[in-house]
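Please read the structure below before turning to the comments.
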Protein chains: 2
Amino acid sequence: MPSSTVEDYLKCIYLEAQRRDGMLPMGALARAMNVVPGTATAMVKTLSSDRLVNYRARVGVSLTDAGTEIALQVVRRHRLIELLLVQVLGLDWSEVHGEAEALEHAVSDRVIDRIDAMLGHPRVDPHGDPIPSPDGAFALVGTVSLAECPRKVPRTIVRILDQDPDFLLFAEKNGLMPGQKVTVVSRDKSSDAVEISVRKGKKLTLGSSAARKILVDEAS
Amino acid sequence: MPSSTVEDYLKCIYLEAQRRDGMLPMGALARAMNVVPGTATAMVKTLSSDRLVNYRARVGVSLTDAGTEIALQVVRRHRLIELLLVQVLGLDWSEVHGEAEALEHAVSDRVIDRIDAMLGHPRVDPHGDPIPSPDGAFALVGTVSLAECPRKVPRTIVRILDQDPDFLLFAEKNGLMPGQKVTVVSRDKSSDAVEISVRKGKKLTLGSSAARKILVDEAS
DNA sequence: CATTTTATTTTGACTAATCAAACTAGATGG
DNA sequence: CCATCTAGTTTGATTAGTCAAAATAAAATG
Ligand SMILES: [Mn+2]
Ligand SMILES: [Mn+2]
Ligand SMILES: [Mn+2]
Ligand SMILES: [Mn+2]
């Protein structure tokens, strides 16, 4: 069985590689894992000799099929746990990411299957992140953000691309959660601002980097 | 924060010391922790320098107040998790001890408080083991076992002193669970047997070591 | 192209947790 | 009391995961 450290590295490589194209540079991995670069290099070498990643010195790292499989299991556990904490135990969606970070390594398949069943085989977690099925499949949703979707057309929020508790609390307070309606009123290039209106016509202005974190559905 | 290894040692010392009198010998600790004696000695020395245990070479180990406090927190987490797994997620009582062994180190106070609230501040776990309150207090129950309680008097089972899945499955199959009624019919010294009758007058014979694991209430 | 900067790798060291095996300190007992 | 047994302790290694700092490769720049 992989240690929880190995699980975290694989999950991190998987999630970081979503953004970027091919190989994940060691510097990015080290930053994401909060370790010094030498530590990332050392770890990646052992992952490589275990055939969990492909490593090319001074280029970067990518997951093998075996590594992807483990990463997806960890992501599945993480997101099912988040949903359990929100829906069954009543924690706030801003708190659950941190909690799940530890619990994802401590739940067995048996327990995760029970959680999955009790929640009715959910497809997404509280932040709209997709939950891989036991065999690693999942649907991709909402690839357009408030920073680029058409204006004046009401949309439904489907996903939030940030786990930071402060951002999530802000989002929650302003009704920016999956399922909520939102319309982009205007955008201004120079001021980098996106003006939106949420439920009850409440207006709100976001910087574009925040707007980019809020994904809405494709179909109007 | 103590590592999960330290938490397990402290919990183990706490639980093993329940049986025995004063100091727990290193051999007993090593056996209970599944490590070689030298490992237990080394660990206990570091616990001792952290003021979590009192250690006297060639005598044994006992918990300090600080050590007891940690041990009780771990026991509290363990037992609340067991109850959650049984009552909310529907796992069998024979499975939950093993699951809780890992989860007890991964749940935060925040999560454990929510579990406690959701379960209605329970006093005992699925095996009848008492759940310490956040400040470490708990009630002692059922100090008499089927091996020594009076015969022919119906009793209620309050606690099972064994976490072995096989034993628990056996007990479950025969209705030997907390809350169930049971009566000792007869005992035989030479054959070491305890004959009991459970719900619906079903008869069953236990060896005395098994009988000693089933605790019943004091008052008839 | 030679030089400087930056990213990555290497080297050397450390901590926590463990085991195997050699070594006592006490108890047991003739 | 000496010999032996046994439980417990020491010593010497090992593994996983990490950091600091030196070394180096590659990229960027004048
Ligand atoms: Mn994690
Ligand atoms: Mn999430
Ligand atoms: Mn444990
Ligand atoms: Mn229990």
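Numbered from 1 within each chain, the chains take letters A, B, ... in sequence-line order.
- Just one of B:E82, B:E101, B:E7 meets the salt bridge (charged side-chain N to carboxylate O under 4.0 Å, His left out) condition when paired with B:R77; it is B:E7.
- The span of DNA chain D lying next to chain A, judged by atoms under 4.0 Å from heavy atoms, is bounded 5' to 3' by D:dG17 to D:dA26.
- Ring-centre distance between B:H97 and B:H78: below the 6.0 Å cut-off.
- Counting only distance, with no hydrogens or angles, the side chain of B:D188 and the backbone of B:S191 share a donor-acceptor pair below 3.5 Å.
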A:D8/A:E104 under side-chain contact (heavy atoms from CB on, under 4.5 Å): CA gap, chis, key distance, verdict | CA-CA 9 Å; A:D8 277 336; A:E104 65 191 358; 3.1 Å; yes

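- In this structure, A:L119 CG and A:L83 CG are separated by 5.0 Å, a value rounded to the nearest 0.5 Å.
- Relative to the six-membered ring of A:F167, A:K213 meets both conditions, a distance below 6.0 Å and an angle of at most 45° to the axis.
- The closest donor-acceptor contact from the side chain of A:D50 to the backbone of A:L52 lies at 3.5 Å or more, if one exists at all.
- Shown for residues 28-37 of chain B: residues whose heavy atoms fall under 4.0 angstrom of DNA chain D, namely B:P37.
- Each end of the helix from C:dC1-D:dG30 to C:dG30-D:dC1 gets its own rotation axis from five pairs of C1' atoms, and the angle between them is 10° to the nearest 10 degrees.
- A:R159 places no side-chain N or O within donor-acceptor distance of the main-chain N or O of A:L215, the cut-off being under 3.5 Å.
- Between chain B and DNA chain C, the heavy-atom contact criterion of under 4.0 Å yields a 5' to 3' nucleotide range of C:dA17 to C:dA25.
- Applying the side chain to side chain contact (heavy atoms under 4.5 Å, CB included) criterion to B:P132, with sequence neighbours excluded, gives B:L72, B:V75, B:R76, B:F138.
- Judged by distance alone, with hydrogens and angles left aside, the side-chain atoms of A:H127 form a donor-acceptor pair with the main-chain N or O of A:W93 at under 3.5 Å.
- Heavy atoms of B:G38 sit under 4.0 angstrom from at least one base atom.
- When the shell of 6.0 Å around CZ of A:R20 is examined, it contains more than 12 heavy atoms from other residues, nucleotides or ligands.
- Looking only at side-chain heavy atoms (C-beta outward), B:L146 and B:L206 come within less than 4.5 Å of each other.
- DNA chain C is contacted by A:T41, A:K45, A:Y55, A:A57 of residues 39-57 of chain A, taking any non-hydrogen atom closer than 4.0 Å.
- With 3.5 Å as the limit, one finds no donor-acceptor pair spanning the side chains of A:T205 and A:E195.
- Remark: the backbone N or O of A:G67 is paired with a side-chain donor or acceptor of A:T64 at under 3.5 angstrom.
- The closest donor-acceptor contact from the side chain of A:R114 to the backbone of B:L89 lies under 3.5 Å.
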